[in-house]
Amino acid sequence: LFPYTTLFRSDVTADDIRLALIPLATKSAGLYSTVNMLLKCVFYSAERSQLLDYNPCEGISAKGGKQAKKKEALTDEQTKVLLDAVKELPPYTFIMIALYSGLRREETLALKWDSIDLDGKTPTIKVCRAWHTEHNRPVISDQLKTKAARRNIPIPPQLVECLKEVKLKSTSEYVFASSIDGGPLSYTQFARLWKYVTVRSTKPRTYTRYLENGEKLKRTVTPVLGQRATHNNTVIYSMDFQVKTHQLRRTYITNLIYANVDPKTVQYLAGHENIKETLDIYAKVKYNRPEDIAATINSAFAPKRQDVSP
């Protein structure tokens, strides 16, 4: 637990625990909580086994680390800008699938054509595989994130037409296939695919150049919306916002809620194991659109009419 010290377990104090947790203060809250819980389990177990007279974890707060920035759903205008920016580029199909079916990244990259029904009465995507990488090599598994992730998702006409066009040109069993062997994408191949999106935003970039004397020279460039990139005139800085892959899924869920789809259906389509996760999004979306619930509130608190006897 403390590899850089000569402390034995019985010598560890509460201050030692706090010192061990200090480096994690700059990490994510999830990682901080995991390590915190691990330390507490070790020392509580030792205490129950009567290996310790004193438990140094008593009083150690479970709170710490940086809270992850919550990614908001894209607006309708941002969605249009994004799709226009990547039209006919490699990430277009990935973005369409995420926006109109809500698949997670690992579910999308594991898609095979045998999981997509485009010609039936109700076109659907069957989620039954997941993608991950080991040492940059893709691995496709039938073990999904949760049991709820295994689902059949009806897809709207715009996604059906998009996938039909892609399928006509496809020579692989995978929707997203490597140009090398036709197999699933590696991590670096997907990173290159997503680069088509990131380079089109106006996010400031820092470039590093090393001089002949070994000195490191950094230069920050802030792209101007609407201008072309100086190093590649085919790239236009058309997005004044940044996009993460999970935002696309969040946008799908948010649009379902705006369309008044009931929470249980949203839970199923999103593949949420716990309804609480769905309801948290549901409540936030509704509360952020007070104009949509104003009439309901006014009706709830409207003065009651007095019955008048004839």
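In this chain, residues are counted from 1 in sequence order. Because the structure is predicted, anything quoted here is derived from the model rather than measured.
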Can you name the nearest heavy-atom pair linking [X] to [Y], along with the distance?
| X | Y | answer |
| --- | --- | --- |
| I95 | V197 | CD1-CG2, 3.9 Å |
| I180 | Q189 | CD1-NE2, 3.9 Å |
| I17 | C57 | CD1-SG, 4.2 Å |
| L248 | L74 | CD2-CD1, 4.0 Å |
| F43 | N55 | CB-OD1, 3.5 Å |
| F241 | L82 | CZ-N, 4.4 Å |

Please tell me if the side chains of [X] and [Y] come closer than 4.5 Å, counting only heavy atoms from C-beta onward.
| X | Y | answer |
| --- | --- | --- |
| I153 | Y252 | yes |
| W131 | I140 | yes |
| R200 | P223 | no |
| E173 | W113 | no |
| L39 | L21 | yes |
| K216 | T208 | yes |
| T93 | L163 | yes |
| T108 | T245 | no |

> With sequence neighbours excluded, what pairs up with W194 under the ring-ring contact (aromatic ring centres under 6.0 Å, His included) test?
Replying inline: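 With neighbours one apart ignored, the set is F94.
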Residue [X] excluded, over 12 heavy atoms near [atom1] under 6.0 Å:
| X | atom1 | answer |
| --- | --- | --- |
| Y196 | OH | no |
| R137 | CZ | no |
| Y187 | OH | no |

Please report the interatomic distance [atom1]([X]) to [atom2]([Y]), rounded to the nearest 0.5 Å.
| X | Y | atom1 | atom2 | value |
| --- | --- | --- | --- | --- |
| S101 | I116 | OG | CD1 | 8.5 Å |
| S178 | F190 | OG | CZ | 14.5 Å |
| I125 | I155 | CD1 | CD1 | 4.5 Å |
| L99 | R249 | CG | CZ | 12.5 Å |
| I253 | I281 | CD1 | CD1 | 4.5 Å |
| E165 | M96 | CD | CE | 9.5 Å |

>> With a 3.5 Å distance limit and no angle check, can you tell me whether S49 reaches the backbone of S45 through a side-chain donor-acceptor pair?
In response: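 It does hold such a pair.
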> Can you check whether S61's main-chain N or O pairs, donor with acceptor, with N36's side chain at less than 3.5 Å?
Replying inline: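 Yes, because the side chain of N36 sits within donor-acceptor range (under 3.5 Å) of the backbone of S61.
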Which pairs pass side chain to side chain donor-acceptor pair (under 3.5 Å) with one or both residues in [range], sequence neighbours excluded?
| range | value |
| --- | --- |
| residues 225-238 | N232-T234 |
| residues 120-129 | D114-R129, S115-R129 |
| residues 18-35 | D15-R18 |
| residues 143-154 | E107-R151 |

Cluster partners of [X], using ILVMFWY side-chain heavy atoms under 4.5 angstrom, listed by chain and number?
| X | answer |
| --- | --- |
| I275 | L279 |
| I22 | L19 |
| L217 | L211 |
| V221 | Y207 |

>> I'd like to check the side-chain hydrogen bond (donor to acceptor under 3.5 Å, both in side chains) partners of H246; sequence neighbours left out, ordered by chain and number.
In response: none
> Could you go step by step and tell me if D16 and T13 meet the side-chain hydrogen bond (donor to acceptor under 3.5 Å, both in side chains) rule?
Replying inline: CA-CA 5 Å; D16 293 321; T13 66; 3.1 Å; yes
> Honestly curious: do V139 and V175 fall in one hydrophobic cluster under the side-chain, below-4.5 Å linking rule?
Replying inline: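 Each belongs to a different hydrophobic cluster.
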>> I'd like to know if M37 and V42 are part of one continuous hydrophobic network [Ile/Leu/Val/Met/Phe/Trp/Tyr, side-chain heavy atoms within less than 4.5 Å].
In response: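 No; M37 is not reachable from V42 via cluster members.
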> salt bridge (Lys or Arg N to Asp or Glu O under 4.0 Å): which pairs involve residues 52-64, sequence neighbours left out?
Replying inline: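 Sorted pair list comes back empty.
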> Does any pair with a residue in residues 261-280 pass salt bridge (Lys or Arg N to Asp or Glu O under 4.0 Å), and if so which ones, sequence neighbours excluded?
Replying inline: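 Those involving residues 261-280 are K276-D280.
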